[in-house]
A.B. asks: 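Got a structure here, written out as structure tokens. Questions coming.
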Amino acid sequence: LSLKDIVFSESDDINSTKWTQPGLFAVEYAMAKTWIDMGLKPKFVLGHSVGEYPAAVIAGAMSLNSGLELIGHRGIAMQGIKKKGSMAALMCDLDATNELIDKNELQIDIAGINSSKQTVVSGDTDAVHLIMNAAKINKIRSRELTVSHAFHSSHMDEILDNFHDTAKQYEFYKPTLAKLVSNIDGKVVL
């Protein structure tokens, strides 16, 4: 199948992570290259999740082919996880999210802190639905995300060792085209 056909089709195939991740990589990389070709040269790059890969390529930390291959491996590995799960964005800060988790004794992971007013949770579908219900009771807006799995959660643990072994097969470089910023701690990656 052609990634281009998947990205621009009307089917739901793009919601399958084995296609979503390479599709996101391609669009994000193409956008960055377009801006660069227009004269906007980045001094710093930062990406979240899939976005870390095109950011690393733009920074010169890995080749385009390595980035594409690695994100392809990642998408296939994640697609193969048996336990699906769900994710939701809660329109509240981390403290309020943790309070909902603790108060309702939920086994759920914080998948991302998008801003001071939005936290993403990930885990078993039942737990995601329970926290969304708790949020509604507390007049906190929430939205379930369209995902195939519970990304950025303990559900991903089963692929970590294998993906680490796969990533070790690739060559990485010190970023020379732009400074690469970690989305974990905001520090420049050397």
Side-chain angles (χ1 to χ4, degrees), residues 1-9 11-82 84-85 87 89 109-115 120 122 145-190:
L1 293 172
S2 161
L3 180 58
K4 178 181 158 192
D5 291 343
I6 298 291
V7 169
F8 292 105
S9 79
S11 78
D12 287 336
D13 289 343
I14 194 63
N15 293 325
S16 174
T17 194
K18 70 180 182 182
W19 294 113
T20 304
Q21 293 194 15
L24 284 169
F25 178 102
V27 169
E28 292 173 8
Y29 178 79
M31 287 175 56
K33 287 299 285 181
T34 299
W35 292 332
I36 290 168
D37 289 347
M38 291 173 27
L40 299 170
K41 306 282 189 226
K43 291 183 180 181
F44 297 89
V45 292
L46 171 116
H48 169 68
S49 192
V50 170
E52 292 171 287
Y53 293 77
V57 171
I58 294 296
M62 71 171 120
S63 71
L64 175 58
N65 284 342
S66 291
L68 285 167
E69 288 178 16
L70 201 51
I71 201 66
H73 288 299
R74 182 180 188 253
I76 290 168
M78 289 178 154
Q79 186 68 45
I81 292 173
K82 302 289 184 258
K84 301 293 185 196
M87 298 177 73
D109 294 298
I110 301 296
I113 304 166
N114 289 344
S115 74
V120 178
S122 184
L145 304 181
T146 303
V147 294
S148 62
H149 292 77
F151 301 117
H152 305 287
S153 77
S154 58
H155 286 212
M156 302 293 110
D157 290 352
E158 72 180 72
I159 67 163
L160 291 179
D161 290 339
N162 189 8
F163 187 68
H164 183 260
D165 290 343
T166 300
K168 287 194 310 189
Q169 299 172 29
Y170 290 88
E171 194 169 352
F172 298 94
Y173 315 100
K174 181 179 179 177
T176 57
L177 303 175
K179 292 183 179 180
L180 183 60
V181 178
S182 166
N183 72 7
I184 301 295
D185 59 15
K187 295 180 181 172
V188 173
V189 177
L190 301 175

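In what follows, residues are counted from 1 in the order of the sequence shown. It should be emphasised that the depicted structure is a prediction, and the values quoted were computed from it without experimental measurement.
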A.B. asks: With sequence neighbours left out, what residues match Asp37 under side-chain contact (heavy atoms from CB on, under 4.5 Å)?
C.D. replies: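 Counting only residues at least two positions away or on another chain, Asp37 forms no side-chain contact (heavy atoms from CB on, under 4.5 Å).
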A.B. asks: Quick check: does any side chain N or O of Ser63 sit under 3.5 Å from a backbone N or O of Ser66, one acting as donor and the other as acceptor?
C.D. replies: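 Such a contact is found between Ser63 side chain and Ser66 backbone.
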A.B. asks: If you take all heavy atoms of Met87 and Ala111, which pair is closest and at what distance?
C.D. replies: CE-CB, 3.8 Å
A.B. asks: Please, which pairs that meet ring-ring contact (aromatic ring centres under 6.0 Å, His included) have at least one residue in residues 16-38, sequence neighbours excluded?
C.D. replies: none
A.B. asks: Can a donor-acceptor pair be found, under 3.5 Å and without considering hydrogens, that links the side chain of His149 to the backbone of Ile81?
C.D. replies: yes
A.B. asks: So with a 6.0 Å cut-off around NZ of Lys41, is the heavy-atom count from everything else above 12?
C.D. replies: yes
A.B. asks: State whether a side-chain donor-acceptor pair under 3.5 Å links Ser16 with Gln79.
C.D. replies: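 The criterion, which ignores hydrogens and geometry beyond distance, is satisfied for Gln79 and Ser16.
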A.B. asks: Can a side-chain donor-acceptor contact be found between His152 and Ser49 if the only test is distance below 3.5 angstrom?
C.D. replies: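 Yes, a side-chain donor-acceptor pair sits under 3.5 Å.
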A.B. asks: Heavy-atom count around Asp185 CG within 6.0 Å, excluding the residue itself: above 12?
C.D. replies: yes
A.B. asks: Could you walk me through whether Lys33 and Ile58 pass the side-chain contact (heavy atoms from CB on, under 4.5 Å) test, one step at a time?
C.D. replies: CA-CA 8 Å; Lys33 287 299 285 181; Ile58 294 296; 3.9 Å; yes
A.B. asks: If the condition is side-chain contact (heavy atoms from CB on, under 4.5 Å), which residues does Ile110 pass it with, not counting sequence neighbours?
C.D. replies: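 side-chain contact (heavy atoms from CB on, under 4.5 Å) list for Ile110, sorted by chain: Leu94, Thr97, Asn98, Ile101, Ile113, Thr119, Val121.
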A.B. asks: Minimum heavy-atom separation for Ile159 and Met78, please, with both atom names.
C.D. replies: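 What the structure gives for the nearest pair is CD1-CG, 3.6 Å.
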A.B. asks: State whether a side-chain donor-acceptor pair under 3.5 Å links Asp109 with Ser154.
C.D. replies: yes
A.B. asks: Is Val181 close to Val189 at the side-chain level, that is, under 4.5 Å between some pair of heavy atoms?
C.D. replies: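 SC-SC contact between Val189 and Val181 ruled out.
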